[in-house]
Participant: 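Take this structure, written in structure tokens, and hold onto it; I'll ask about it next.
All ligand and atom numbering here is 1-based and tracks the order in the structure.
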Amino acid sequence: MSTAAYQTIIETNPAEIFVPLYTGRLLSSVAFKDEAKRFKHNLIMFVIVNFVGGFLGGFRIGVFAICISRLNIRLRTKLFQSYLRQEIGFFDTHESGKLLSRLNQDTQIMSSTVANNIAQCIGALVKFIGTFVMMIKLSLHLTVACLIGAPLILIVAKFSGNAHRRISEKVQDLSADASEIAEETIQTIRTVRSFGNEEGELKRFADILHLAYKASLVQAALSAAQKWFVELAQLGMSVIMLSYGAKLVYENHISGPDLLAFVIYQLTLGSILNDISQIYTSLMAAAGASQSVFDYLDRKPLQLPNGTLQPNELQGEIEFKNVSLAYPARPDEVAIRNMTFHIQAGQTCAFVGPSGSGKSSCINLLERFYDPSSGTILIDGQEIQDYDHKYLHRKIAMVGQEPVLFNRSIKENIIYAINDNDNDTAMIHAAEQANAHGFVIDLVNGYETMCGQRGGHLSGGQKQRVSIARALIRKPTILLLDEATSALDPVNERLIQDALFLNKNKQQQRTILISAHRLSTIERCDRIFVIHKGQLIEQGTHEELMEIDNGIYRELVRRQQMDIDS
Ligand SMILES: Nc1ncnc2c1ncn2[C@@H]1O[C@H](COP(=O)(O)OP(=O)(O)OP(=O)(O)O)[C@@H](O)[C@H]1O
């Protein structure tokens, strides 16, 4: 039986419906002499219905707790899965703090409120029907008299529920904003500290929480007003019912014990109506908190991993044909404009150009972090989108400008995402090529040394070398190095390059693409592409480019030479 069905049965707790009847009868047999002979029977029935009701009630609480945690785990996993499916552009436009707030807080609110309230709502409705039927059985006239105010209570509950939904949406958005600020501040604490701006960040955080508090005040006032109204309506209904009940008893239309039972049913009905109105309100509040969770759960990624190509051999030939790119976060600005070039398999090529010219963007496109806004990118003559997602990332490895390591050991970082976890020989070989082995074995814990969050326990150059090893261990056919050695001293940089370029003949065929500012490091490349304001303006070998009169490359080399000399 499914949890939901099980829960529904438990929630309908039939024993509770008979509690008022036997409470009324027991009280009558205590209060009225002619009812005394039924005291024992009424007492036994009173104990049975209360005991069964209490037992099922306790059972229900346990079942709820299980349902809530199951629902929460499912929701969070689904949401995280949905995040991981999204294209990189999604993460450019959605701050991580907000995404985490949805993942941790909103899902918690959703699962606890929704699971609790839906089950309670079913229970309350069943109890409402049961109580109602018993009341009609006892006296139809009295039932009609005491239900006069019910529609009004339900209408008020509806209006207040809608308001709760709107406010709750706002409060959740604000607390997601606050999470975003906290997360960013913690991640950039060194910058915050170096500018002495802890108070500024605290103020930004507190201001947002204050706005959330103000919205919660309105919500609190609404809840209080709703409660007052329901209490007042119930009081009115009781007065009407008691006056009319007394008249019916005097005229012998209903017996004293039945009136007593009816009064208890009426009080029960009042509290059920109260429950229903509260449940509706909090369901609406949960619906507000759930809105963005559902939006993210339902979001279809703009870039779908539909490709299926997985050829046995990938040569590593790359071609850009009229490629343009505008980033999703800045759709009106063109980062790459009509770029066309061809790189033969096995060549080592470099992108050079001033900062912001578009070098990393070309590398991003080859990693398929973004799809071109127009034009095509071919690898071995096939469109890059046609390759299977996992296959492509096995064959293309990249070391980024700011390499990020995981808070795991150096070993775990290097063998990250290769299937063979115990291949120490491959790990050491990759580390040697990346000129990392030497510094790693000098550490007390060697390859078991923890890297810290985002690799924070290692120096910039050490981080870069570990991430180069992480890329090399996969034996990629295409290796993308985006300023991958910029934090290294010239000696270490040269050693890595020698390992990557000079021994190329001895290694498997590999196409290497480098983006670098230090031009002395790329002189030996087979081909150099000079990019300026998103356009490819020169290409050739170092010697060919140095011969172009007034060429940008020649000018860049001349300026760097002057810097070194001075
Ligand atoms: N994720 C992004 N969203 C929006 N715009 C971006 C993004 N990444 C880069 N840009 C913009 O695209 C342009 C090219 O940036 P790119 O990073 O490719 O330059 P670059 O030549 O690699 O620069 P650098 O040498 O400083 O690393 C810049 O104007 C940059 O502001």
Participant: Taking Ser459's backbone N and O only, do any of them form a donor-acceptor pair with Gln462's side chain (distance below 3.5 Å, no angle check)?
Facilitator: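 Looks like yes, one N/O pair under 3.5 Å.
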
Participant: Atom 1 (N) of ligand 1: which protein heavy atom is closest, and how many Å away?
Facilitator: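 Checked against all protein heavy atoms, atom 1 (N) of ligand 1 sits closest to Asp92 OD2, 3.2 Å.
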
Participant: Looking at atom 26 (O) of ligand 1, what's its closest protein heavy atom, distance included?
Facilitator: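 Here the closest protein heavy atom is Ser355 OG, 2.6 Å.
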
Participant: So is His517 in contact with ligand 1, going by heavy-atom distances below 4.0 Å?
Facilitator: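 Under 4.0 Å: yes for His517.
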
Participant: Write out the residue and atom name of the closest protein heavy atom to atom 6 (C) of ligand 1, then the distance separating them to 0.1 Å.
Facilitator: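 Result: Tyr327 CD1, 3.2 Å.
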
Participant: Suppose I only count heavy atoms of Tyr370 and a 4.0 Å limit; which atoms of ligand 1 are within that range?
Facilitator: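 So the atoms of ligand 1 that pass are 1 (N).
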
Participant: So, Asp388 versus Thr308: side-chain donor-acceptor pair below 3.5 Å or not?
Facilitator: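 Not at all, the side chains of Asp388 and Thr308 share no donor-acceptor pair under 3.5 Å.
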
Participant: Under 6.0 Å from the six-membered ring centre of Tyr327 and within 45° of its axis: does the NZ or CZ of Arg330 meet both?
Facilitator: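 Negative - Arg330 is either too far from the ring of Tyr327 or too far off its axis.
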
Participant: Strictly distance-based, threshold 3.5 Å: is any side-chain N or O of Glu538 a donor or acceptor partner for the main-chain N or O of Tyr553?
Facilitator: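 Present.
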
Participant: For atom 28 (C) of ligand 1, grab the closest protein heavy atom and report residue, atom and distance to one decimal in Å.
Facilitator: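 Protein heavy atom with the smallest distance to atom 28 (C) of ligand 1: Gly356 O, 3.8 Å.
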
Participant: By ring pair (Phe, Tyr, Trp, His ring centres under 6.0 Å), which residues pair with Tyr387, not counting sequence neighbours?
Facilitator: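 For Tyr387 there are no ring pair (Phe, Tyr, Trp, His ring centres under 6.0 Å) partners, ignoring immediate neighbours.
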
Participant: Report yes if some N/O of Glu333 lies less than 3.5 Å from some N/O of ligand 1; otherwise report no.
Facilitator: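 For ligand 1, there is no N or O atom that lies under 3.5 Å from one belonging to Glu333.
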
Participant: Nearest to atom 31 (O) of ligand 1, what protein heavy atom do you find, and at what distance?
Facilitator: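 Result for atom 31 (O) of ligand 1: Arg330 NH1, 3.2 Å.
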
Participant: Looking at Ser361, which atoms of ligand 1 are within less than 4.0 Å of one of its heavy atoms?
Facilitator: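 With Ser361 as reference, the close atoms of ligand 1 come out as 14 (C), 15 (O), 16 (P), 18 (O).
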
Participant: Return the closest protein heavy atom for atom 27 (O) of ligand 1 as residue, atom name and distance.
Facilitator: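 In this structure, atom 27 (O) of ligand 1 has Gln401 NE2, 2.5 Å as its nearest protein heavy atom.
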
Participant: Should the pair Tyr83 and Tyr296 be assigned to parallel (<30°), tilted (30 to 60°) or perpendicular (>60°) ring geometry?
Facilitator: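 Tyr83 vs Tyr296 ring planes: perpendicular.
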
Participant: Residues two or more places apart in sequence or in another chain: which of them pass side chain to side chain donor-acceptor pair (under 3.5 Å) with Ser409?
Facilitator: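 Side chain to side chain donor-acceptor pair (under 3.5 Å) check on Ser409 returns Glu412.
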
Participant: List ligand 1 atoms under 4.0 Å from Ser360, heavy atoms only on the residue side.
Facilitator: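 The list of qualifying atoms is 17 (O), 18 (O), 20 (P), 22 (O), 27 (O).
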
Participant: Report yes or no: does a heavy atom of Gly358 sit under 4.0 Å from some atom of ligand 1?
Facilitator: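 Yes, Gly358 has heavy atoms under 4.0 Å from ligand 1.
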
Participant: Using a 3.5 Å distance criterion without hydrogens, assess whether the side chain of Arg465 forms a donor-acceptor pair with backbone atoms of Gly460.
Facilitator: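 No, Arg465 side chain to Gly460 backbone: no donor-acceptor pair under 3.5 Å.
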
Participant: Before signing off on this row, confirm whether Lys359 and ligand 1 have an N or O atom pair separated by under 3.5 Å.
Facilitator: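 Yes.
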
Participant: Any side-chain to backbone donor/acceptor pair from Glu367 onto Ile363? Under 3.5 Å, distance only.
Facilitator: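 Not confirmed, Glu367 side chain does not pair with Ile363 backbone.
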
